[in-house]
Every structure is written in C-alpha cells, then in structure tokens.
Amino acid sequence: MLQIQVIRAQAEEVIKKLQVKNFNAKEIVDRLLVADTSRRSTQKKLDDTLAESNSLAKEIGNLFKSGKKEEANRLKEKTSELKNVAKELQEQLSNLENEQDELLVQLPNIPQESVPAGKTSEENEIVSQQGNIEELSTDALPHWELTGKYDIIDFELGTKITGAGFPVYKGKGAKLQRALISFFLDEAINAGYTEYQPPLLVNEDSAYGTGQLPDKDGQMYHIPLDNLYLIPTAEVPVTNFYRDVILHEDQLPVKSTAYSVCFRREAGSYGKDVRGLNRLHQFDKVEIVQVTQPEKSYETLEQMLNYVSGILRKLELPFRVAKLCGGDLSFASAMTYDMEVYSAAQKRWLEVSSISNFETFQSNRLKLRYKNKSGKTILAHTLNGSALALPRIVAALLENNQTPEGIRIPEALVPYTGFDLIN
RNA sequence: GGAGAGAUGGCCGAGUGGUCGAAGGCGCACGCCUGGAAAGUGUGUAUACCUCACAAGGGUAUCGAGGGUUCGAAUCCCUCUCUCUCCGCCA
C-alpha cells in the first residue's frame, strides 16, 4: 500500500510513474486527494471538539469538589452537546478513513525508475543467460511422460484422491523432492539466512498484511469454518513475522528462509501450459525473505539474484534472467527479476523464481519499521524470492538430463538423493 | 470440549471512577564520575493521526479488540480474541 503522504506531496508524479505499469491512477488519486483533505479537516474538528470536552470535564470535576453543584450541572448540558457533535464527527471520520483505505489499496506499487516500459512478458528485458542449451534427440520425452516411464510421479493417483494439480510423488521421485528441499535450505543457511518452519495456514490479518487480500482474494484456498487461508507462499507467514514490529537498525538486514508447501487455486488457468508439473495447486518451495534499509534494498536485490543464480549453476541448469517490464510487474512489486530455466523437451523457458523488491509497499501495510541510529522511525524495505520452487526445477532436471540409461542427477544433489541416476 | 484465572509501556510490575500516557524497578541512550571499566549519579527513553516547515511547541487517540454506562474509565458493564492452570480428548 502506498503512503498517503507520498500521494499528497507528489500526486502528479505518482500518476505518471504508474503509467509504466499501464495503470491509470488519475481517477483514484484525485478521489484520494479529496478524501484526504476532508479527512484531515474532520480530524481537526473532532480533535478540537474532544479537547473542549476534556477541559470541560476537568472543570466539572473541580466544581463538584468545591461544592458548586449548580454550576457544574450547567456545564454538563454543554458537554452533552459536544458529545453529540463528537459522535457525528467520529462517524464521518471513520467513513472517510475507510474510503481512503479502499482507494489506497487499489493503487499498485510504483515501479522503480529503471523498470522498462512494456505491456506483456514479451517486453521483459533479458538481462543474462547462462548454461548450455542442449539439443535433445528427437525421441526425447516431456517430463510428464518421463515421470510415468520411471514411475516417480503419479498424476492420476493425485487426481483420484484430491483432484488435478495434486500429484503424488513416489520412490525416487519423492526422495528427489526431499533432496531438493534440503539442498535449497542448506544453501540458504550457508548464505546467512535463518531457517523457519512457518504455519501453512494464516489468518485474515496476515493475508491482508502481505497483500493477498483484498487484491488476490479467490486465489487462495480458504477455510471458512476457522476463517483461515492456506498459504500460497511462505512469504506470507514469514513476512508477517514482522507485522507491527519496530526493529532496531543494527538488526538489519533480516534474512529469513523457509520451506513450505504452497497452495494456489489457480482459478481460470488451463490448457497445455498447465500440463504435468508446469502449474500445480500444491507444490513445494523454499523462499528467501529480507528486510533492509531503503538505501540498501537494491543492492540486496542484486545479491539475492546472484544467490539464486548460484543455485541454478550448481544444478547445472541453463537459465536466463528477465527484468520484468512495467506491465508484467506484480501489483506489489517495484522491481522484479524472473529466473527461468530452459526445459529442453518442452522447448520453453519455465519461471522458477521471482525475486522482488517491494520497497515500502508491504511494510507500510504491515507497519514494519526500524529505528535508525538517530532514533527516527522509518519504514523498512522488504524483498523476497523463490530459492527455489520445486516442480519446474524437477521438470527441467528430468527433461534436460534424460539419457538412454535414465535420468542423471546433478552432482551437487547426489549427497542429498543418495543416487545419481533415476532408472 | 468443561471449570477457573488473567491480558497495563522493550521487559517486570503498581494502579479499582477525575490531577494517569500511566508510580516503581530493569533494560536502553546520553552526560558526570574513573587512568580505563564496574559501581555510583543525573537526564532522557511508546505509537499513530492532526496542526506545523517531515523543527520546536500544541491537540487527539491508544492500558488485548470492539461496543456501552458516566460530565469524566486503565479502573464499572457487555461481546469477542488470546494466554495460563486443572479436567477431558488426542498425534
């Protein structure tokens, strides 16, 4: 959520910058400015009324003490008038506050200056590409056939017991999952992240805190009986650790990592893009989250990018890095790098990680701040990235490493799997 | 799930209708003291919004959350949430 103070001070600039996201903010900003002005004047009126009422109450108290009952009773009448006025103003004020909030949550984050203009993923800027793209023989199989051939993932069984998008991992397939999770976590810990195991269900406040609500209502699984949401990413619980928290500057940067199962309804997606492991309702992911000072957050973003690149190199997967254009940026992000691995049999780039700087967009909503050395309280910047999401990594590993003998496991993973071939 | 107790500032803890944003202690920050440190000592130490120059000063709100009684509530009443203890159930 953007800060009202920023909009108030730089309305035109905000509108202009949001155009990079192809978002026309004019109307909302105009309405916000009106709401903000009347909110403030109402606040002033209310405060003045309450101040008067407070001082009268004190006076009445004194009068009673000194036995001047009649005079006190006269003042009481005046107070009850003020009370009615205050009540009305209070109501107006909370209406205006609600209106302001409703408008504010509709505005996406402002893209960082260097974010390229553009409408779709076609216009993302490919920043780098690494690793060899190998030509597979013509009889190479897509992963959804390899999983059957080697009996490591059973999609039909998952469909039977739950539904589409809930695969069952089996044998070496299950072990591979476990190996990847451990590998990713160990890498993160070595890079200085603290490991957490968060709850997989969160309450409404948390879903609101990281912006899943109200923007993405309907994308999460919801349990109405307890009013809890299944997390779509560990980002939600982990970032919410810091909701309503004021850190001290020397605690920064906060670096957290968590493995979690992620649940996504993915309403409306279908077709061949969702085949096999490409898009699931339930999947495993290791997430990294950082909280930093504003002046350091872009340096941090690059660090996180380098970190994820390192893991992909260890997995020997060809990948490229895309800097998202304005139109492809998520609602909350100021700048995002997508990491895509090449899936040789599908001949496609698959997104396996998305690393974003949210600047103060999340922290403003979360009320995540820190006190700097001179004692000033400042909104922190939050960043997160996948490191990494499993299914597409598995898809790429299976496809790229298929050989006549079986599927080769990259060296870095062998200590975790305990085998170097799936056959 | 049943019965009972409780929720106060970074922490501990006082406060049962007015002078309480809240005693006292701890912690923390800065100063004094010291060759240096400890001890001692002095001062300061919540958040949001409004006013305003994002200064100083001032105003308002906040003692788990929401509502109510009252001229006036941390203090009384109602609802909810959470925590603890005992019992039950259970991985």
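Here the structure is a predicted model, which is why all the values come from computation and not from measurement. Side chains are part of it too, since the values below use all heavy atoms of this structure and drop only hydrogens, waters and symmetry mates. Each chain gets a letter, A, B and so on, in the order the sequences are listed, and its residues count up from 1.
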(message) Please determine whether a side-chain nitrogen of the Lys or Arg among A:Glu70 and A:Arg74 lies less than 4.0 Å from a carboxylate oxygen of the Asp or Glu.
(response) no
(request) Give, for atom CG of A:Asn22 and atom CG of A:Leu329, the distance between the pair rounded to the nearest 0.5 Å. (result) 10.0 Å
(request) Would you check, one step at a time, whether the test salt bridge (charged side-chain N to carboxylate O under 4.0 Å, His left out) holds for A:Arg39 with A:Asp36? (result) CA-CA 5 Å; A:Arg39 188 198 104 243; A:Asp36 178 50; 2.6 Å; yes
(request) Ignoring the backbone of A:Gln5, work out which of B:C49, B:C50, B:U47 is nearest its side chain. (result) B:C49
(request) Report the distance from atom CG of A:Asn84 to atom C1' of B:C71, rounded to the nearest whole Å. (result) 13 Å
(request) Could you give the distance separating B:A74 and B:C20 at their C1' atoms, to the nearest angstrom? (result) 8 Å
(message) Of the listed nucleotides (B:U47, B:G72, B:C50), which one gets closest to any side-chain atom of A:Lys44?
(response) B:C50
(message) Using whole Å, what does the distance between atom C1' of nucleotide B:A61 and atom CG of A:Asp48 come to?
(response) 14 Å
(message) OP1 or OP2 of B:U47 versus the side-chain N and O atoms of A:Arg369: is any pair under 4.0 Å?
(response) no
(request) Could you work out which one of B:C71, B:U47, B:G59 sits closest to the side chain of A:Lys371? (result) B:U47
(message) How many whole angstroms separate atom CD1 of A:Ile4 from atom C1' of B:C50?
(response) 14 Å
(request) For B:U45 and B:G25, measure between their C1' atoms and round to the nearest Å. (result) 15 Å
(message) The criterion is salt bridge (Lys or Arg N to Asp or Glu O under 4.0 Å); which residues satisfy it with A:Glu204, sequence neighbours excluded?
(response) none
(message) Below the 4.0 Å mark, does B:U60 have OP1 or OP2 next to a side-chain nitrogen or oxygen of A:Asn54?
(response) yes
(message) If you assign each of A:Ser41 and A:Lys58 to its closest nucleotide in RNA chain B, which residue comes earlier from the 5' end?
(response) A:Lys58
(request) To the nearest Å, give me how far apart CG (A:Asn62) and P (B:G72) are. (result) 16 Å
(request) Would you please enumerate the stems RNA chain B participates in, each stem being three or more consecutive Watson-Crick or G-U wobble pairs with both distances under 3.5 Å? (result) B:1-7 with B:81-87, B:10-12 with B:24-26, B:27-32 with B:40-45, B:46-51 with B:57-62, B:64-68 with B:76-80
(request) For A:Lys45, report the nucleic acid contact type (base, sugar-phosphate, nothing); a contact means any heavy atom under 4.0 Å. (result) nothing
(message) Can you confirm whether or not the ring centre of A:Tyr196 sits under 6.0 Å from the ring centre of A:Phe241?
(response) yes
(message) Taking only the P atom of each, what is the distance from B:G58 to B:C63 in whole angstrom?
(response) 22 Å
(message) Distance check needed: B:C50 C1' versus A:Gln100 CD, whole Å only.
(response) 13 Å
(request) Flag this pair as yes if the NZ/CZ of A:Lys285 is under 6.0 angstrom from the six-membered ring centre of A:Tyr259 and inside a 45 degree cone about the axis; otherwise no. (result) no
(message) Side-chain N or O of A:Lys78 versus OP1/OP2 of B:G72: is the shortest distance under 4.0 Å?
(response) no
(request) Determine: side-chain N/O of A:Arg74 to OP1/OP2 of B:C71, distance under 4.0 Å, yes or no. (result) no
(message) Does B:C71 have its OP1 or OP2 closer than 4.0 Å to a side-chain nitrogen or oxygen of A:Lys76?
(response) yes
(request) Calculate the interatomic distance between A:Gln43 atom CD and B:G59 atom P; express it in whole Å. (result) 15 Å
(request) Give one of base, sugar-phosphate or nothing for A:Thr377, where a contact means two heavy atoms less than 4.0 Å apart. (result) sugar-phosphate
(request) Look at A:Arg8 and B:C50 and indicate whether a side-chain polar atom (N or O) is within less than 4.0 Å of OP1 or OP2. (result) yes
(request) Determine the interatomic distance between C1' on B:A22 and the same-named atom on B:G9; round to the nearest Å. (result) 9 Å
(request) Could you verify whether a donor N or O on one side chain and an acceptor N or O on the other, from A:Glu187 and A:Tyr193, lie under 3.5 Å apart? (result) no
(request) May I ask you to evaluate whether A:Arg39 reaches the phosphate of B:C49, defined as a side-chain N or O under 4.0 Å from OP1 or OP2? (result) no
(message) Let me confirm one number: the CZ-OG distance from A:Phe361 to A:Ser333, rounded to the nearest 0.5 Å.
(response) 10.0 Å
(message) Taking any heavy-atom pair under 4.0 Å as a contact, classify A:Leu46: base, sugar-phosphate, or nothing.
(response) nothing
(request) Please measure how far the P atom in B:G21 lies from the corresponding atom in B:A73, and state the result in whole Å. (result) 11 Å
(message) Taking B:U8 as the reference, what is the distance to B:A65 when you measure between their C1' atoms (whole Å, please)?
(response) 15 Å
(message) Hydrogens and angles aside, do A:Tyr150 and A:Asn423 bring a side-chain donor and acceptor to less than 3.5 Å of each other?
(response) no
(request) Just call it for A:Leu50: base, sugar-phosphate, or nothing, with non-hydrogen atoms closer than 4.0 Å on any strand. (result) sugar-phosphate
(message) Between B:A48 and B:C54, how many Å separate the two P atoms, rounded to a whole number?
(response) 16 Å
(request) Could you check how far CD of A:Glu77 sits from P of B:U70, rounded to whole Å? (result) 15 Å
(message) Please report the distance, rounded to the nearest Å, between CZ in A:Arg365 and P in B:A48.
(response) 19 Å
(request) Report yes or no: do A:Glu249 and A:Asn372 form a side-chain donor-acceptor pair below 3.5 Å? (result) no
(message) Give me the distance, rounded to whole Å, that separates B:A3 from B:C80 when you measure between the P atoms they each carry.
(response) 13 Å
